[in-house]
Amino acid sequence: AGGSVTVEGNIRITGADAENGIVETVILSDGTTVVEIDGKNEPTLDIRAGTTAVGTPGVTGAGTFSPGVPDTGGTGTRADITIEGNVNNNGGTVFLTNQYQPNPALVGGDITVGSTINTINISGDGGSITIDARGNITTNNLDSGSFEGGNGGAITLMAGGNITTSGSLFSGSYATVASSSGDGGAITLKAGGNITVKGDLNSFSGVNIQSGKSGTGGEILLSAKDGDIVGIPFEASIYDDKTNSYVTKFRNPFLNSFSVAEQGSAGNGGNVILEAQNNVSNLDILTLSSYENAKAGDVRVEGFGDLSLND
């Protein structure tokens, strides 16, 4: 799109588009991270706003729009992307960006996801979720995990400004029927400003079957080049050993990158890396393995300036 994109309702992707799908290797704004787009063979939601790479306005291909086909005419004035409804693309790719051949004459550049993006796969690998914004990123729940044997899909958020995760991020792999779970998908958040975490970041691997085998936890990387990384405590149901019941208490967000098997073997926990300018606070980290021959992941905290660690 040559201007901004606003989706007021829900989006459901039901399959690949063998005729009109885009196939392209895209390098993100950090200059190194690569995203493979293959709309001909994989279900894909690909929204690129505020770009100079525009063709003839219109809608190509089959599909259903409610209440009607969106208007693609007019002149763009902003580069924002706003998704107000849910996105369901099970096992597929979701790519939202206003950093692809951007038009510098346009103002804005924030990407806001007000509800849930779901690329979970019940019987295979979870799909990837990638958001690349020249301004701020605000998300709700992002779910790219896998159940019953597949690997979790990667979640990548890059912002020139701030990143705020208002919900949880789940890229884990979990099995209750299959004999093994896959690996957790990597979770990467890179911001030019602050990173604010208001929900758990889950990239674990677990299996709930006797003699089942779990994979490895996925790496979790949070990097705030010129800002802070701050968790916002929230109310959650927590088991109280003293009362043998669940109670509601405030707790910090968890960064979970563990590997757990009920009785079988487990893989390694994933690494957790935190990089900030001045402050990292109110985050709890769990990166372990339940298997004696495996190991927990490494935890690395680095400061771009005089770093303070709290709670």
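Just so you know, these numbers use all the heavy atoms, side chains as well, and skip hydrogens, waters and symmetry mates. Keep in mind that what you see is a predicted model, and the values were worked out from it rather than measured. All residue numbers in this chain count up from 1 along the given sequence.
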When you measure from the side chain of [X] to the backbone of [Y], do you find a donor-acceptor pair of N or O atoms at a distance under 3.5 Å?
X    : Y    : answer
R300 : E275 : no
N90  : I120 : yes
N256 : N202 : no
N121 : D125 : yes
N140 : S166 : no

Run the salt-bridge test on [X] and [Y] with the 4.0 Å N-O cut-off and return the result as yes or no.
X    : Y    : value
R251 : D284 : no
R78  : D80  : yes
K40  : D38  : no

I163-F95 co-clustered via ILVMFWY side chain contacts under 4.5 Å: no

Hphob cluster co-occupancy, V207 + F258, side-chain heavy atoms under 4.5 angstrom: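 The answer is no; the residues belong to distinct hydrophobic clusters.
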
Check this for me: [X], atom [atom1], are more than 12 non-hydrogen atoms of other residues, nucleotides or ligands nearer than 6.0 Å?
X    : atom1 : value
E8   : CD    : no
L309 : CG    : yes
F304 : CZ    : yes

Criterion side-chain hydrogen bond (donor to acceptor under 3.5 Å, both in side chains) on N118 and T116, from CA distance to verdict: CA-CA 6 Å; N118 172 25; T116 297; over 6 Å; no

Polar side chain donor-acceptor pair, E36 to T25, under 3.5 angstrom: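 Indeed, the side chains of E36 and T25 share at least one donor-acceptor pair under 3.5 Å.
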
Where [X] and [Y] come nearest, the two heavy atoms and their spacing:
X    : Y    : value
S289 : G267 : OG-O, 2.6 Å
S115 : G85  : CB-O, 3.4 Å
V299 : T287 : CG2-CG2, 3.7 Å
N271 : S257 : N-OG, 4.4 Å
A79  : G50  : CB-CA, 3.8 Å

Just wondering, do [Y] and [X] contact through their side chains at under 4.5 Å, heavy atoms?
X    : Y    : answer
S123 : E148 : no
T93  : P43  : no
I232 : F234 : no
S146 : N151 : no
L274 : L255 : yes
R12  : N86  : no
V197 : V230 : no

Residue from S259, S205, S173 passing side-chain hydrogen bond (donor to acceptor under 3.5 Å, both in side chains) with S181: S205

Supply the atom-to-atom distance [X] [atom1] to [Y] [atom2], rounded to the nearest 0.5 angstrom.
X    : Y    : atom1 : atom2 : result
I187 : L201 : CD1   : CG    : 4.5 Å
R48  : Q99  : CZ    : CD    : 13.0 Å
N89  : I13  : CG    : CD1   : 5.5 Å
T77  : N103 : OG1   : CG    : 11.0 Å
I37  : D46  : CD1   : CG    : 5.0 Å

Geometric class of the F170/F204 ring pair [parallel <30°, tilted 30-60°, perpendicular >60°]: tilted

Consider side chain to side chain contact (heavy atoms under 4.5 Å, CB included). Of [options], which one does [X] pass it with?
X    : options           : value
N162 : N136, I137, T138  : N136
T119 : V94, L142, D143   : V94
E84  : T112, V7, N10, T6 : T6

S245/T243 under side-chain hydrogen bond (donor to acceptor under 3.5 Å, both in side chains): CA gap, chis, key distance, verdict: CA-CA 5 Å; S245 62; T243 62; 2.8 Å; yes

